[in-house]
Visitor: 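This structure is in structure tokens; I'll ask about it shortly.
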Amino acid sequence: MPEARVVIDLDVPGPTINRHLYGHFAEHLGRCIYGGFYVGEDSDIPNEGGIRLDVVEALRALDIPNLRWPGGCFADEYHWKDGIGPKADRPSMVNTHWGNVEENNHFGTHEFMALCELLGAAPYVNGNVGSGTVREMSEWVEYLTRDGDSPMVRLRKANGRDEPWQVPFWGIGNEAWGCGGNLRAEAYADLARQYATFLKDHGDNKLYRIAAGASDDDLAWTEALLKAVSCLGCGRDPKNIFQAISIHYYTVAGTWEHKGSATEFGLEDYYRTLAKAQDIERVIRAHSALMDAYDPERKIGLVLDEWGTWWDVEPGTNPGFLFQQNAMRDALVASLHFDVFHRHAERLVMANIAQTVNVLQAMLLTDDDGGLVRTPTYHVFEMNKAHQDAQALPVHVVEGRTYDLDGTAMQLVSASASVKDGRALVSVSNLDPEQALDVVLDLRGASSWESSGRLLTASKPQAYNTVDTPDTVAPVPLEVEPEPRGLRVTLPPHSFATVSLTL
């Protein structure tokens, strides 16, 4: 059996892995909100104020840190005042981006805040720059976060909420280069400065303003935003106008017109998917290097607030709803991303998978009869949750395996590790779809007194869970054996594992 060796320096704790790297994204898209998070108070499915309680329970088990809403592209056509007040009085709207469907606005600001409170998650509100106004977004901040007496405070109280909420994260539009307005980078940079200026801190609620950034490796867009608040090599701190810049990156193995199937794919598609997932490291590294030139003290955070796999929709479903299955291959895409996130924790402060329920690389799939499925990707989040707010450890794959993909050596072993409160968590993936792998965890700098392992795999990379077969891909115990250099685990093909250590 092939062997790999992973060196882990247990006594060299590095930057803290921000828990918000395990964030989520909920857009008014398909069945993410209506039928996913929200079923209405008259539903036979157990709910609180219309919010599905089985969804809440499943997500709370992930220690979900934040939830981004209402979009996405939808954010730049959403006018928040249409979603407050008595539901019978709320005007309907047309969701032009996603299926051209009509929405009744029954899930609005108060419902979202109630959802975040049930989840124990920090709200991340994405404001409307594309079709909105500075005043509209400024008043939304006031409505949510101000105490005392003001027009928006009185309006909130009239709608049944006396106390303000804590809402730290605010997105200044979304994909302004595309669905958010088709703006030039310099034009949006000026708008980001303007909007951010009028997004005020009220009381003890301190805003973390996130400028809408680039797609993939569009460094020119990021540089335009940096030039708006700093200067190259000048040695000064950037202007404290917005606190972070976002980027978006999707794992698309095919073309945008023909992305491929989530569950029917061959070995070539498998390898190309994981190679595209690994390329997120190059993208993050490039944006980080550019930001270091303008912001050497790393005062501005990098936020990856949309990431995940994107496949062709499942046959027979509405193309505008972006419903896709979620297989073992998707789980490995997630495990790869988290390894990269952990390595870049000094600059990368938040990430949001797209999306949480029923859309793209979802955590959960639901049906209208009360069925709920935890996807393979869900299990990666759950197995990895101890990395949240832990300190990243140096990890080196010194004896791994590679696959030749179009002349490039693709790594088949991925790993990361962290430490917190005297416990370490090691995450490791065997990406080889056909061969098992013996992995030596070469532990240096500390002794492990106790260890336990968990394994996520399936009979094939195409395997997925359904309501009738919910545990086709689910964690099982993994045997961890001592060996002179540390520990040894055997990983089946296409598998992800975590090893927990008491130091």
Side-chain angles (χ1 to χ4, degrees), residues 2 4 214-218 247-287 304 306-315 319 322-341 343-344 351 353-355 359-362 375-377 379-380 397 400-416 427-437 456-464 473 491-496:
S215 173
D216 298 343
D217 53 4
D218 183 357
I247 58 173
H248 290 174
Y249 184 90
Y250 285 97
T251 297
V252 180
T255 65
W256 281 104
E257 293 76 21
H258 303 286
K259 303 177 189 70
S261 168
T263 57
E264 297 179 8
F265 55 87
L267 284 180
E268 182 177 350
D269 284 337
Y270 172 88
Y271 281 118
R272 291 193 183 281
T273 298
L274 296 183
K276 182 66 186 294
Q278 288 179 343
D279 199 44
I280 185 62
E281 181 136 35
R282 177 188 63 85
V283 172
I284 291 175
R285 186 181 288 126
H287 287 285
L304 178 63
E306 290 187 28
W307 68 272
T309 56
W310 196 325
W311 309 115
D312 293 334
V313 301
E314 290 300 308
L322 303 188
F323 176 79
Q324 62 188 40
Q325 255 300 346
N326 192 298
M328 184 65 216
R329 176 179 62 168
D330 298 275
L332 294 174
V333 168
S335 72
L336 283 174
H337 274 70
F338 285 128
D339 289 341
V340 174
F341 296 170
R343 286 194 288 273
H344 293 272
I353 192 165
Q355 292 187 10
V359 173
L360 297 177
Q361 191 174 349
T375 67
T377 299
H379 293 304
V380 173
V397 179
R401 301 187 64 247
T402 61
Y403 174 80
D404 187 290
L405 183 64
D406 300 332
T408 299
M410 174 187 166
Q411 294 294 326
L412 294 180
V413 180
S414 181
S416 64
S427 299
V428 58
S429 301
N430 175 18
L431 307 182
D432 193 313
E434 298 178 301
Q435 283 194 299
L437 183 67
L456 186 73
T457 191
S459 59
K460 57 184 180 179
Q462 296 86 352
Y464 57 93
V473 187
L491 301 184
H494 51 265
S495 64
F496 167 68

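Counting begins at 1 with the first residue of the sequence. Remember, predicted model here, so these are calculated numbers, not experimental data.
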Visitor: Using modelled atom types and a 3.5 Å cut-off, is there a donor and acceptor pairing between side-chain atoms of Glu314 and backbone atoms of Gln325?
Guide: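 Here the side-chain-to-backbone pair exists.
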Visitor: Can Ser335 and Ser429 be said to form a side-chain hydrogen bond (donor to acceptor under 3.5 Å, both in side chains), step by step?
Guide: CA-CA 7 Å; Ser335 72; Ser429 301; 2.8 Å; yes
Visitor: Evaluate the side chain to side chain contact (heavy atoms under 4.5 Å, CB included) criterion for residues Leu456 and Val380: first the C-alpha distance (whole Å), next the side-chain angles of each, then the deciding distance (0.1 Å), finally the verdict.
Guide: CA-CA 8 Å; Leu456 186 73; Val380 173; 3.8 Å; yes
Visitor: Would you say the side-chain atoms of Gln435 and Arg401 include a donor-acceptor pair closer than 3.5 Å?
Guide: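 Note: Gln435 and Arg401 side chains meet the donor-acceptor criterion.
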Visitor: Roughly how far apart are Gln278 CD and Tyr271 OH, rounded to 0.5 Å?
Guide: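 The OH atom of Tyr271 is 11.5 Å from CD of Gln278, to the nearest 0.5 Å.
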Visitor: Could you tell me which non-hydrogen atom of Ala214 sits nearest to which non-hydrogen atom of His287, and how far apart they are?
Guide: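 It is CB-CE1, 4.0 Å.
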Visitor: Could you go step by step and tell me if Val313 and Gln324 meet the side chain to side chain contact (heavy atoms under 4.5 Å, CB included) rule?
Guide: CA-CA 5 Å; Val313 301; Gln324 62 188 40; over 6 Å; no
Visitor: Walk me through whether Asp269 and Arg272 qualify under salt bridge (charged side-chain N to carboxylate O under 4.0 Å, His left out).
Guide: CA-CA 5 Å; Asp269 284 337; Arg272 291 193 183 281; 5.8 Å; no
Visitor: Measuring only between side-chain heavy atoms, which start at C-beta, is Leu336 closer than 4.5 Å to Leu431?
Guide: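 Leu336 vs Leu431: side chains touch.
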Visitor: Supply the atom-to-atom distance Leu491 CG to Leu437 CG, rounded to the nearest 0.5 angstrom.
Guide: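 Spacing of CG (Leu491) from CG (Leu437) equals 6.0 Å.
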Visitor: Without swapping roles, check the side chain of Asp312 against the backbone of Lys259 for a donor-acceptor pair under 3.5 Å.
Guide: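 Yes, Asp312 side chain to Lys259 backbone: donor-acceptor pair under 3.5 Å.
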Visitor: Quick one: do the Thr377 and Asn326 side chains pair a donor with an acceptor below 3.5 Å?
Guide: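 Indeed, the side chains of Thr377 and Asn326 share at least one donor-acceptor pair under 3.5 Å.
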Visitor: Is any side-chain heavy atom of Val413 closer than 4.5 Å to a side-chain heavy atom of Val428?
Guide: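 Answer yes - side chains close enough.
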Visitor: If every non-hydrogen atom of Pro461 is compared with every non-hydrogen atom of Ala327, which pair is closest and at what distance?
Guide: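 Minimum heavy-atom contact is O-CB, 3.6 Å.
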Visitor: Measuring from atom CG of Leu274 to atom CE of Met410, what distance do you get when rounded to the nearest 0.5 angstrom?
Guide: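 Reported to 0.5 Å precision, the distance equals 4.5 Å.
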Visitor: With rounding to the nearest 0.5 angstrom, report the CD1 to CG distance, Ile247 to Asp217.
Guide: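 Between atom CD1 of Ile247 and atom CG of Asp217 there are 9.5 Å.
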Visitor: Are Glu281 and His344 packed together at the side-chain level, in the sense that at least one heavy-atom pair is separated by less than 4.5 angstrom?
Guide: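 Yes, at least one pair of side-chain atoms sits under 4.5 Å.
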Visitor: Would a 4.5 Å heavy-atom cut-off, applied to side chains only, mark Ile280 and Leu304 as touching?
Guide: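 Heavy-atom side-chain distance check passes, below 4.5 Å.
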Visitor: Would you indicate whether Tyr464, at its atom OH, is surrounded by more than 12 heavy atoms from other residues, nucleotides or ligands within a distance under 6.0 Å?
Guide: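 For Tyr464, atom OH is not crowded (no more than 12 foreign heavy atoms under 6.0 Å).
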Visitor: Do you know the tightest heavy-atom contact between Leu332 and Ser495?
Guide: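 That would be CD2-O, 3.6 Å.
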Visitor: Between His248 and Trp307, does the ring centroid distance fall short of 6.0 Å?
Guide: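 No, they do not, as the ring centres are separated by 6.0 Å or more.
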Visitor: Taking all heavy atoms of Ser427 and all of Phe496, pick out the closest pair and write down the distance.
Guide: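 Reported closest heavy-atom pair: CB-CE1, 3.8 Å.
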Visitor: Report yes if the side chains of Asp330 and Thr375 come closer than 4.5 Å at any heavy-atom pair, otherwise no.
Guide: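 A side-chain contact is absent here, since even the closest heavy-atom pair is not under 4.5 Å.
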Visitor: What I'd like to find out is whether the side chain of Phe323 reaches to under 4.5 Å of the side chain of Trp311, using heavy atoms alone.
Guide: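 No, every pair of side-chain atoms sits at 4.5 Å or beyond.
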Visitor: With side chains defined as the heavy atoms from C-beta onward, is the minimum distance between Pro493 and Thr457 less than 4.5 Å?
Guide: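 No, side chains not in contact.
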Visitor: Using a 6.0 Å distance limit plus a 45 degree cone around the ring axis, check whether Lys276 lies over the aromatic ring of Tyr249.
Guide: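 Pair Lys276/Tyr249 counts as cation-pi.
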Visitor: Please lay out, stage by stage, how Thr251 and His337 fare under the test side chain to side chain contact (heavy atoms under 4.5 Å, CB included).
Guide: CA-CA 10 Å; Thr251 297; His337 274 70; 3.6 Å; yes
Visitor: Would you kindly say whether Arg329 and Thr273 are connected by a side-chain donor-acceptor distance under 3.5 Å?
Guide: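 Yes, Thr273 and Arg329 have a side-chain donor paired with an acceptor closer than 3.5 Å.
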Visitor: Which residues pass the ring-ring contact (aromatic ring centres under 6.0 Å, His included) test with Tyr250, sequence neighbours left out?
Guide: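 Residues passing ring-ring contact (aromatic ring centres under 6.0 Å, His included) with Tyr250: Trp310.
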Visitor: Please tell me if the side chains of Gln361 and Val333 come closer than 4.5 Å, counting only heavy atoms from C-beta onward.
Guide: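 Yes; the side chains approach each other to less than 4.5 Å.
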Visitor: Would you check, one step at a time, whether the test side chain to side chain contact (heavy atoms under 4.5 Å, CB included) holds for Met328 with Lys460?
Guide: CA-CA 8 Å; Met328 184 65 216; Lys460 57 184 180 179; over 6 Å; no
